Participant: 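Got a structure for you, written out below as structure tokens; questions coming shortly.
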Amino acid sequence: AAGSLGAAKNIVIDTTAPTVSSVNSSTANGSFNAGSTVSIQVNFSESVTVTGTPQLALNSGATVTYASGSGTSTLTFTYTVAGGQNSADLDYTGTGSLTLNAGTIKDTATNAATLTLATPGAAGSLGNAKNIVIDTTAPTVSSVNSSTADGSYKAGATVSIQVNFSENVTVTGTPQLALNSGATVNYASGSGTSTLTFTYTVAGGQTSADLDYSATTSLTLNAGTIRDAATNNATLTLAAPGAAGSLGNAKNIVIDTTA
């Protein structure tokens with residue numbers, strides 16, 4: 001009422017420290033490679049003011065710094081992915097991953113915030129809220145094989161060759177594989193999986209006592225692309241012809257077009 005302290009003054013008594021209610025991201029779910037940016041939000045129980053550059057340690061190996069949000073209940077940390085960082089489900093590393101880094105996070109009554117986070121993967125954590133994959137590792141060729149039975153094949157016969165990668169890859173265009181029979185064969189199918197199939201239709205004059213690709217560099221893009229979900233370009237190096245992992249080592253396929 002008029003004449004009372006409450007009517008005369010607006011004094012708030014606040015002895016409760018702000019706490020972290022959740023961690024989330026405004027970045028869409030998906031796979032991200034080096035150079036990509038992921039925006040991470042740390043949500044508090046009340047508005048907080050920030051000084052300096054608090055940090056958040058992530059399970060990809062990165063430690064990211066505070067970017068914006070002082071004066072609100074949501075602080076944003078910006079993560080620019082660097083080479084060598086990987087995470088199957090991006091999250092912070094532990095309940096103590098949010099640190100002041102010589103800065104401060106306080107409410108308007110200057111109560112220092114309690115920085116304890118939810119357990120990684122639990123409700124309220126970044127990993128629980130989002131499905132963000134950090135992938136800076138290029139797909140590699142693990143082996144080359146054939147679903148065609150061992151045997152001898154003449155002109156007009158078809159041999160199906162499989163190039164196996166370390167992870168699922170997406171193909172555009174028509175990559176090619178050069179064979180020691182003298183043929184260069186085109187990609188046929190398998191985009192979105194870890195196994196790409198090349199179809200070889202034997203032509204006259206082509207011969208091989210043990211069908212294989214011709215060199216470690218025989219897989220070429222031919223102006224196409226082979227990439228993983230994070231758009232890392234595949235490393236196309238093959239095992240040495242005849243060595244473990246090669247077509248010649250895996251199969252005994254003879255190409256014979258000579259009468």
Side-chain angles (χ1 to χ4, degrees), residues 20 22-42 52-69 75-103 115 117-122 124-144 163-172 175 190-196 216-217 219-221 224-240 243-245:
V20 177
S22 65
V23 181
N24 208 319
S25 174
S26 58
T27 300
N29 291 334
S31 295
F32 299 86
N33 66 359
S36 300
T37 298
V38 177
S39 183
I40 299 169
Q41 284 72 45
V42 179
T53 52
Q55 295 181 322
L56 183 66
L58 303 178
N59 64 1
S60 64
T63 297
V64 297
T65 55
Y66 159 77
S68 64
L75 304 185
T76 293
F77 292 71
T78 300
Y79 173 28
T80 302
V81 181
Q85 297 174 356
N86 292 281
S87 173
D89 186 6
L90 185 65
D91 210 337
Y92 44 80
T93 55
T95 58
S97 293
L98 177 60
T99 55
L100 293 175
N101 187 35
L115 304 184
L117 306 175
T119 301
S125 71
L126 174 60
N128 181 272
K130 302 289 289 191
N131 293 313
I132 293 174
V133 177
I134 304 300
D135 178 5
T136 65
T137 303
T140 58
V141 177
S142 53
S143 65
V144 182
V163 178
N164 302 301
F165 284 83
S166 55
E167 60 178 309
N168 291 345
V169 292
T170 299
V171 179
T172 66
S191 184
T193 76
S194 62
T195 299
L196 303 185
T216 58
T217 55
L219 178 59
T220 56
L221 292 175
T225 64
I226 302 175
R227 295 173 174 164
D228 64 16
T231 72
N232 294 297
N233 288 311
T235 300
L236 304 183
T237 306
L238 306 174

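Fair warning: this is a prediction, and the values are worked out from it, not measured in the lab.
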Participant: How would you list, by chain and number, every residue that makes a side-chain contact (heavy atoms from CB on, under 4.5 Å) with T225, sequence neighbours excluded?
Facilitator: T172, R227
Participant: Please examine the side chains of L58 and V38, heavy atoms only from C-beta on, and report whether any two atoms are closer than 4.5 Å.
Facilitator: no
Participant: Any sub-3.5 Å donor-acceptor pair from S87's side-chain atoms to I134's backbone N or O?
Facilitator: no
Participant: For T76 versus S39, what's the shortest heavy-atom pair and its separation?
Facilitator: CG2-OG, 3.4 Å
Participant: Just jot down the side-chain contact (heavy atoms from CB on, under 4.5 Å) partners of A57, sequence neighbours excluded, or say none.
Facilitator: T63, T93, S97
Participant: Answer whether the closest heavy-atom distance between the side chains of L126 and L90 falls below 4.5 Å.
Facilitator: yes
Participant: Before you tell me yes or no, could you show the steps for L117 and L56 under side chain to side chain contact (heavy atoms under 4.5 Å, CB included), namely the whole-Å CA-CA distance, both residues' side-chain angles and the distance that decides it to 0.1 Å?
Facilitator: CA-CA 11 Å; L117 306 175; L56 183 66; 3.9 Å; yes
Participant: Do Y92 and L98 touch side chain to side chain, with heavy atoms closer than 4.5 Å?
Facilitator: no
Participant: Any idea which heavy atoms bring D89 and N131 closest together, and the distance?
Facilitator: OD1-CA, 4.0 Å
Participant: With a 4.5 Å heavy-atom cut-off, do T140 and F165 have their side chains touching?
Facilitator: no
Participant: To the nearest 0.5 angstrom, please state how far the CG atom of D91 sits from the CG atom of N128.
Facilitator: 8.5 Å
Participant: Would you please name every residue forming a side-chain contact (heavy atoms from CB on, under 4.5 Å) with A230, sequence neighbours left out?
Facilitator: S31, N33, D135, D228, N232
Participant: Please enumerate all residues that pass side chain to side chain donor-acceptor pair (under 3.5 Å) together with T137, with sequence neighbours excluded.
Facilitator: N86
Participant: Do S25 side-chain atoms and T27 backbone N/O form a donor-acceptor pair below 3.5 Å?
Facilitator: yes
Participant: Please name all residues satisfying side chain to side chain donor-acceptor pair (under 3.5 Å) with Q85, sequence neighbours left out, ordered by chain then number.
Facilitator: Y79
Participant: Who pairs with T195 by side chain to side chain donor-acceptor pair (under 3.5 Å), at least two apart in sequence or on another chain?
Facilitator: N164
Participant: Decide yes or no for T235 and V141: does some side-chain heavy atom of the first lie under 4.5 Å from some side-chain heavy atom of the second?
Facilitator: no
Participant: Can any side-chain N or O of S125 pair as donor or acceptor with the backbone N or O of P120 at less than 3.5 Å?
Facilitator: no
Participant: Side-chain contact, heavy-atom cut-off 4.5 Å: N168 with S194?
Facilitator: yes
Participant: Closest heavy-atom contact between P139 and S166?
Facilitator: CA-OG, 3.5 Å
Participant: Where is the tightest heavy-atom contact between G245 and A239, given as atom of each residue plus distance?
Facilitator: C-CB, 4.1 Å
Participant: So does Q41 get a backbone contact from the side chain of N24, meaning a donor-acceptor N/O pair under 3.5 Å?
Facilitator: no
Participant: In the structure I gave you, are the side-chain heavy atoms of I40 and V23 within less than 4.5 Å of one another anywhere?
Facilitator: yes
Participant: When you look at T220 and L236, which way does the side chain to side chain contact (heavy atoms under 4.5 Å, CB included) test go after all the steps?
Facilitator: CA-CA 7 Å; T220 56; L236 304 183; 5.6 Å; no
Participant: Measuring from Y66:OH to T78:OG1, what's the distance to the nearest 0.5 Å?
Facilitator: 10.5 Å
